[in-house]
> 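Input: one structure, supplied below.
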Amino acid sequence: MLQFLDTVSEKGLFIVKKICFYGIIIQGLLLFFMSFFICADVLMRKLFSYSIRGSIELSSYTLAVMSGWIFAYALLTKAHVRIDILYNKFSLKLRLILDVLSYLSLLIFFVPLTYYSYHFFYTSWEKKSVANTPLHTPLWIPQGLWIISLIFFVVVIFIMLLRILILIVKKDYFEAYNVGGASTLEEEIEKEKAA
């Protein structure tokens with residue numbers, strides 16, 4: 001059973017990293033498009049006293065949709081901000097305990113958030129709610145895309161936590177730390193030198 005979970009978690013982590021990579025590229029393109037759209041709107045207002053409708057609304061939707069993908073990417077690349085003044089002074093086993101607690105904390109926060117966000121989406125779908133803006137956007141569209149990004153982030157947290165726990169059970173503490181532990185300053189410097 002442990003071997004099976006080890007294989008599943010290793011392959012699962014590989015798959016979510018690939019999905020996240022392509023998701024981040026798409027989100028980057030969306031962000032680029034929205035930046036261009038907002039700049040065009042500002043120029044049109046300044047030069048021709050005409051506004052392209054919906055730039056604020058669409059940029060808000062874009063930011064919401066991007067959030068889960070960005071959270072997942074930051075988690076997979078260890079880019080989340082962590083206060084590690086004491087963390088690096090602890091033993092490896094204590095750091096792993098703190099890492100497991102941090103992943104559990106993320107799950108405790110994001111699972112209910114995703115669950116209730118789904119109900120929010122479902123209500124908009126059922127009532128055919130539209131935004132109270134000139135675009136009259138059906139709210140289920142941006143909310144649905146947002147839910148997908150949150151679900152993906154929860155899946156990433158779960159897979160990473162499962163991987164860490166399996167490695168701890170196998171007593172491969174160093175690899176468990178590599179998967180989910182916070183990077184030290186020296187590790188980040190080496191990563192930047194390699195890039």
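Model, not experiment: these values are computed from the prediction. Along the sequence shown, residues carry numbers from 1.
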> Looking at F90, I'd like to know if its CZ atom is crowded, meaning that more than 12 non-hydrogen atoms belonging to other residues, nucleotides or ligands lie closer than 6.0 Å.
yes

> For a quick test of reading the model, state the closest non-hydrogen atom pair linking T137 to P142 and the distance between them.
CG2-CD, 4.1 Å

> Looking only at side-chain N and O atoms, does Q143 offer a donor or acceptor that is under 3.5 Å from a partner on S117?
no

> Can you pull the salt bridge (charged side-chain N to carboxylate O under 4.0 Å, His left out) pairs that have at least one residue in residues 154-167, sequence neighbours excluded?
D6-R163

> Should the ring pair F33 and F37 be called parallel, tilted or perpendicular, given that the plane angle runs from 0 to 90° and is split at 30 and 60?
parallel

> Can you find a heavy atom in the side chain of V130 that is under 4.5 Å from one in the side chain of L139?
no

> Determine whether a donor-acceptor pair (N or O, by modelled atom type, separation under 3.5 Å) exists between the side chain of K78 and the backbone of G181.
yes

> Would you indicate whether Y73, at its atom OH, is surrounded by more than 12 heavy atoms from other residues, nucleotides or ligands within a distance under 6.0 Å?
no

> Look at the side-chain heavy atoms of Ile, Leu, Val, Met, Phe, Trp and Tyr, link any pair under 4.5 Å apart, and say whether W69 and M34 land in one connected group.
no

> Passes side-chain contact (heavy atoms from CB on, under 4.5 Å), I164 versus V100? Steps please.
CA-CA 8 Å; I164 293 166; V100 168; 4.0 Å; yes

> Mind checking what makes side chain to side chain donor-acceptor pair (under 3.5 Å) contact with R45, not counting sequence neighbours?
D41

> Does CZ in F158 sit with more than 12 non-hydrogen atoms of other residues, nucleotides or ligands closer than 6.0 Å?
no

> Would you check if the side chain of Y61 reaches a backbone N or O of I56 as a donor-acceptor pair within less than 3.5 Å?
no

> What heavy-atom pair brings V156 and A72 nearest, and what distance separates the two atoms?
CG2-CB, 4.0 Å

> Sequence neighbours left out, what passes side chain to side chain donor-acceptor pair (under 3.5 Å) with Y118? Give chain and number order.
none

> Is there a side-chain contact between S129 and W140 (heavy atoms, below 4.5 Å)?
no

> Could you check whether any side-chain heavy atom of D172 comes within less than 4.5 Å of a side-chain heavy atom of I166, counting everything from C-beta outward?
no

